[in-house]
Amino acid sequence: DTEVTQTPKHLVMGMTNKKSLKCEQHMGHRAMYWYKQKAKKPPELMFVYSYEKLSINESVPSRFSPECPNSSLLNLHLHALQPEDSALYLCASSQPTTGNTEAFFGQGTRLTVV
Amino acid sequence: AQSVTQPDIHITVSEGASLELRCNYSYGATPYLFWYVQSPGQGLQLLLKYFSGDTLVQGIKGFEAEFKRSQSSFNLRKPSVHWSDAAEYFCAVGRAAGNKLTFGGGTRVLVKP
């Protein structure tokens, strides 16, 4: 199983809503990532979890709150978002050890903030 | 800091013709290099990777890439493109510690019949 599964595939939310994006992998990977991708742009790293601990936060606004409940799951909690936060949110996983940084990506959640 | 440049924003190629996508990187140590492909509205699929060893690497879908340290390049090639190769292609560099990828700006490939 080399899949990273993201739910939902599409999400429309208002600026006062609270929602969560979910990501799951069963490859035994111990590093998981959230990337944000605006239209016609490359993915930009938001957060990295290594062994279920937050290791990198790329100065992301606090309205985005990541959570890693266990080694297979990664959530991104959303609250009070702005229309400019509309984007494709990609989850990825990999082994965190030296020598193999191959990351597997999910299909993404297309988020629209209205 | 690591960085990746893909000089070509768009490339149009005829079906059956060869394709080469350019990638230049900047990194202080031995880089870990990747090519990903993304169809519209989809996630990223890994085409191939280079960690060490043979500088010509083979990937999926008939793609190959060559690592040239002297030119800081990792160009992607395919001898004969198919209409299904129309997509966005991203080159990326990763740290040896394995927990951060930096992507180039991407190259959009259009395939003419």
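Since we're looking at a predicted model, the values are computed, not measured. Lettering of chains follows the sequences in order, A, B, ..., and the numbering in each one begins at 1.
A continuous path of Ile, Leu, Val, Met, Phe, Trp and Tyr side chains, each step under 4.5 Å between heavy atoms, connects B:Trp35 with B:Phe67, placing both in one hydrophobic cluster. Under the 4.5 Å side-chain heavy-atom criterion for Ile, Leu, Val, Met, Phe, Trp and Tyr, A:Met46 and A:Tyr35 are members of distinct hydrophobic clusters. Residues B:Tyr25 and B:Leu47 share a single hydrophobic cluster, defined by chaining ILVMFWY side chains whose heavy atoms lie under 4.5 Å apart. A chain of hydrophobic side-chain contacts below 4.5 Å, direct or via other Ile, Leu, Val, Met, Phe, Trp or Tyr residues, connects A:Met13 to A:Val60. Using a 4.5 Å cut-off between side-chain heavy atoms of Ile, Leu, Val, Met, Phe, Trp and Tyr, with links allowed through other members, A:Trp34 and A:Leu11 fall into the same hydrophobic cluster.
Chosen from A:Glu58, A:Arg110, A:Lys40, the residue pairing most often with chain B at heavy-atom distances under 4.5 Å is A:Glu58. The candidate from A:Ala92, A:Pro43, A:Gly106 with the greatest count of non-hydrogen atom pairs under 4.5 Å with chain B is A:Pro43. The most heavy-atom pairs under 4.5 Å with chain A, out of B:Gln45, B:Gln6, B:Gln38, come from B:Gln38.
Taking all atoms of both residues into account, the shortest heavy-atom contact from B:Gly104 to A:Pro42 is O-CB, 3.1 Å. What you find for B:Leu44 and A:Phe105 is that their closest heavy atoms are O-CB, 3.5 Å. Here the shortest heavy-atom pairing between A:Leu90 and B:Gly43 reads CD2-CA, 3.9 Å. The minimum heavy-atom distance linking A:Ala103 with B:Tyr36 is given by the pair O-OH, 2.8 Å.
Remark: B:Ile60 CD1 is packed, more than 12 non-hydrogen atoms of other residues, nucleotides or ligands lying under 6.0 Å away. Within 6.0 Å of NZ in A:Lys9 there are 12 or fewer heavy atoms belonging to other residues, nucleotides or ligands. In A:Glu44, the CD atom is not crowded: 12 or fewer heavy atoms of neighbouring residues, nucleotides or ligands sit closer than 6.0 Å.
Only the side chain of A:Gln37 has a heavy atom closer than 4.5 Å to any heavy atom of chain B. Interface remark: B:Glu88 contributes no atoms to any contact with chain A (heavy atom separation under 4.5 Å). Contact of A:Gln6 with chain B is not made at all, since no heavy-atom distance falls under 4.5 Å.
Proximity of A:Tyr33 to B:Leu101: side-chain heavy atoms (C-beta onward) are nowhere separated by under 4.5 Å.
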